Undergrad: 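Structure in structure tokens, see below.
None of these values were measured; they are calculated from a predicted model.
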Amino acid sequence: MLLKRKLFFTLTLALFVLLHSGKAQEGRYSIDIKERPGFIIPHHSHIAYFLKENVNAIQLNFGITTDGSKFWHKEFNYPIVGLGLYYSGLGNDTLYGKLTGLYTFINRPFLDNTKRFNISNTLSVGLSYASKWHNPISNRSNMVLSTPLNVFFQYEIGCNYRISTNHNVSASIGLTHASNGSVKEPNLGFNIFTTALGYRYSFGNPNPVRSELPDDITPFSSWTFGLFASIKSIDAFSGKQYGIIGLSAEKLYRFAPLSMAGLELTAYKDNSIPDLVMDKSEDAVTLNKNDNLALTINATYLMGFNRIGIVFQPGIYLRNQYYGFGAFSNKVGLRINIYDGLILGVAIKAHWFAQADFVEFGIKNSFNRHEK
């Protein structure tokens with residue numbers, strides 16, 4: 001009987017949405033709530049063994065629709081930006097506990113935002129708190145997270161329908177990731193796949209359409225030089241942490257509004273490499289003082305939002321004495337221009353797609369050319 005009522009309610013709502021015609025523009029401020037059923041992706045046999053149930057997450061976003069005062073507002077079709085809260089189980093409450101995420105997000109619509117139906121994607125980046133983590137005595141079977149505070153990353157794509165100026169419903173699929181970037185081992189990390197049904201309530205006056213738009217300040221080309229550092233762990237039993245320090249040089253060219261692409265060359269000293277070589281080698285190994293040096297080259301795609309940039313950097317090793325994780329060295333990161341080309345950056349460096357190597361904290365200086 002309950003199932004029939006739910007089905008009747010769903011069909012009635014769908015019929016109302018389809019028959020409701022005309023245009024309606026949302027208010028500027030919004031509250032969005034989503035229910036996210038899904039499952040942990042068992043990318044390691046250890047995770048699969050301990051999973052007992054699927055997950056059911058709840059997500060709450062507080063957003064502001066951009067008003068066109070910046071060039072990227074119009075270029076990205078007046079996206080919604082704001083703060084959000086995420087709460088989810090992790091497939092085994094006794095072992096893994098719960099995950100709570102706090103993050104900033106940007107929700108970008110792809111179609112005309114005055115229409116009722118739209119397709120959009122959402123990127124969320126922040127921090128998460130795990131209620132249970134690895135402890136060699138009380139929780140030794142938890143090999144997924146070893147720290148309570150971790151990185152939170154989520155990407156989702158979906159569709160939404162504006163019922164009226166105030167009411168919007170949505171459906172989406174998404175991938176959520178939580179890990180500490182190998183600051184401390186063990187660090188298999190959680191990857192959570194979810195579907196979602198959402199409801200957004202908007203209030204405040206809709207944004208006026210601006211007749212004059214700001215200029216695009218993306219330079220024609222740039223040289224960027226940087227210094228970065230980090231710490232990492234490779235062994236959950238010893239708990240030893242290793243320092244990392246390196247230099248980078250990058251050349252970028254503008255190829256579209258707000259977008260730049262190019263190459264970055266990175267050289268760094270990773271003091272964990274000799275221990276990895278010694279630990280994994282079956283034969284006697286003689287090391288020299290330069291065996292802790294690594295060299296990578298990464299393609300860079302930078303998406304700019306005035307002072308903030310998001311970078312995606314697939315790459316390979318040109319030199320690394322330890323290739324136990326393969327030849328790929330990929331990065332995804334965030335850059336903030338704090339003053340006239342002086343940039344603070346943070347990036348997660350990973351082997352292949354999901355195996356974190358370390359979190360890179362850096363400072364960069366960019367020399368821009370604005371004329372062709």
Undergrad: Say whether Q313 and T300, considering side chains only, have a donor N or O and an acceptor N or O under 3.5 Å apart.
TA: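 Yes.
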
Undergrad: Got a salt bridge between E250 and K364, using NZ or NE/NH1/NH2 to carboxylate O under 4.0 Å?
TA: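 K364 and E250: not salt-bridged.
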
Undergrad: Taking atom types as modelled, find out whether N292 and N271 have a side-chain donor-acceptor pair closer than 3.5 angstrom.
TA: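 The criterion, which ignores hydrogens and geometry beyond distance, is satisfied for N271 and N292.
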
Undergrad: Honestly curious: do I41 and V55 fall in one hydrophobic cluster under the side-chain, below-4.5 Å linking rule?
TA: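 Unlinked, I41 and V55 end up in two clusters.
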
Undergrad: When rounded to the nearest 0.5 angstrom, what is the spacing between OG in S172 and OH in Y155?
TA: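 Separation between the atoms: 11.0 Å.
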
Undergrad: Does any part of the side chain of D357, heavy atoms only, come nearer than 4.5 Å to the side chain of S182, both counted from C-beta?
TA: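 With C-beta onward as the side chain, the pair stays apart.
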
Undergrad: Pair R36, E156 - check side-chain contact (heavy atoms from CB on, under 4.5 Å), show working.
TA: CA-CA 11 Å; R36 309 193 69 97; E156 67 175 319; 3.1 Å; yes

Undergrad: Any chance you could lay out the side-chain contact (heavy atoms from CB on, under 4.5 Å) test for K331 and T296, step after step, and finish with the verdict?
TA: CA-CA 11 Å; K331 294 192 291 186; T296 67; 5.8 Å; no

Undergrad: Are the side chains of V125 and L334 in touch, meaning some heavy atoms are under 4.5 Å apart?
TA: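 When only atoms from C-beta onward are counted, L334 and V125 do not touch, as no gap falls below 4.5 Å.
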
Undergrad: Answer yes when R254 and D216 have at least one side-chain N-carboxylate O distance shorter than 4.0 Å, and no when they do not.
TA: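 Result for this pair is yes, salt bridge flagged.
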
Undergrad: Are F190 and H177 close enough that their ring centres sit under 6.0 Å apart?
TA: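 No: the rings miss the under 6.0 Å criterion.
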
Undergrad: Are more than 12 heavy atoms, taken from residues, nucleotides or ligands other than F203, located less than 6.0 Å from that residue's CZ atom?
TA: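 Yes, the 6.0 Å shell around CZ holds more than 12 heavy atoms from other groups.
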
Undergrad: Between F312 and Y301, how do the two ring planes meet: parallel, tilted or perpendicular, split at 30° and 60°?
TA: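 Because their plane-to-plane angle is under 30°, the rings of F312 and Y301 count as parallel.
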
Undergrad: Take L60 and F62, measure what side-chain contact (heavy atoms from CB on, under 4.5 Å) needs, and give me the verdict at the end.
TA: CA-CA 7 Å; L60 186 65; F62 302 89; 3.5 Å; yes

Undergrad: Can you get from Y317 to F358 by hopping between Ile, Leu, Val, Met, Phe, Trp and Tyr side chains that sit under 4.5 Å apart?
TA: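 Yes, one cluster joins them.
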
Undergrad: Are there over 12 heavy-atom neighbours, none belonging to K98, within less than 6.0 Å of that residue's NZ?
TA: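 Yes.
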
Undergrad: How many angstroms lie between atom CZ of R307 and atom CD1 of I343, to the nearest 0.5 angstrom?
TA: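 The CZ atom of R307 sits 10.5 Å away from the CD1 atom of I343.
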
Undergrad: Ignoring hydrogens and geometry, is there a side-chain-to-backbone donor-acceptor pair from S230 to V359 under 3.5 Å?
TA: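 Judged by distance alone, yes, a pair lies under 3.5 Å.
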
Undergrad: Going by atom types alone, do T122 and N107 pair a side-chain donor with an acceptor below 3.5 Å?
TA: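 Side chains of T122 and N107: pair found under 3.5 Å.
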
Undergrad: Do NZ/NE/NH1/NH2 and the carboxylate oxygens of R28 and D67 come within less than 4.0 Å?
TA: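 Salt bridge present between R28 and D67.
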
Undergrad: Mind checking whether L188 and I40 sit in one hydrophobic cluster, side chains of I, L, V, M, F, W, Y counted as touching below 4.5 Å?
TA: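 Yes, same cluster.
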
Undergrad: Does the plane of the ring in W133 sit parallel, tilted or perpendicular to the ring in Y129? Use 30° and 60° as the thresholds.
TA: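 Judged by the thresholds at 30° and 60°, the geometry between W133 and Y129 is perpendicular.
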
Undergrad: Treat each ILVMFWY residue as a node, draw an edge where side-chain heavy atoms are under 4.5 Å apart, and state whether I31 and Y29 are in one component.
TA: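 Yes, I31 and Y29 fall within the same hydrophobic cluster.
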
Undergrad: Do other residues, nucleotides or ligands put more than 12 heavy atoms under 6.0 Å from K251 NZ?
TA: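 Atom NZ in K251 is packed in, count exceeds 12.
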
Undergrad: Just by modelled atom types, is the S202 backbone N or O under 3.5 Å from a matching donor or acceptor in the S30 side chain?
TA: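 Here the side-chain-to-backbone pair does not exist.
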
Undergrad: Output the distance between atom CG (L197) and atom CD1 (I33), rounded to the nearest 0.5 Å.
TA: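 L197 atom CG to I33 atom CD1 measures 12.0 Å (nearest 0.5 Å).
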
Undergrad: Do F225 and L252 belong to the same hydrophobic cluster, where Ile, Leu, Val, Met, Phe, Trp and Tyr are linked whenever their side-chain heavy atoms lie under 4.5 Å apart, directly or via other members?
TA: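 Different clusters: F225 never reaches L252 through Ile, Leu, Val, Met, Phe, Trp or Tyr contacts under 4.5 Å.
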
Undergrad: If you count heavy atoms of other groups shown closer than 6.0 angstrom to CZ of F328, is the number above 12?
TA: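 It does not: F328 CZ has 12 such atoms or fewer within range.
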
Undergrad: L85 versus T100: any side-chain heavy-atom pair under 4.5 Å?
TA: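 Yes - at least one pair of side-chain heavy atoms lies under 4.5 Å apart.
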
Undergrad: May I have all residue pairs that pass ring-ring contact (aromatic ring centres under 6.0 Å, His included) and include part of residues 101-122, sequence neighbours excluded?
TA: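 Of all non-adjacent pairs touching residues 101-122, those that pass ring-ring contact (aromatic ring centres under 6.0 Å, His included) are Y103-F152.
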
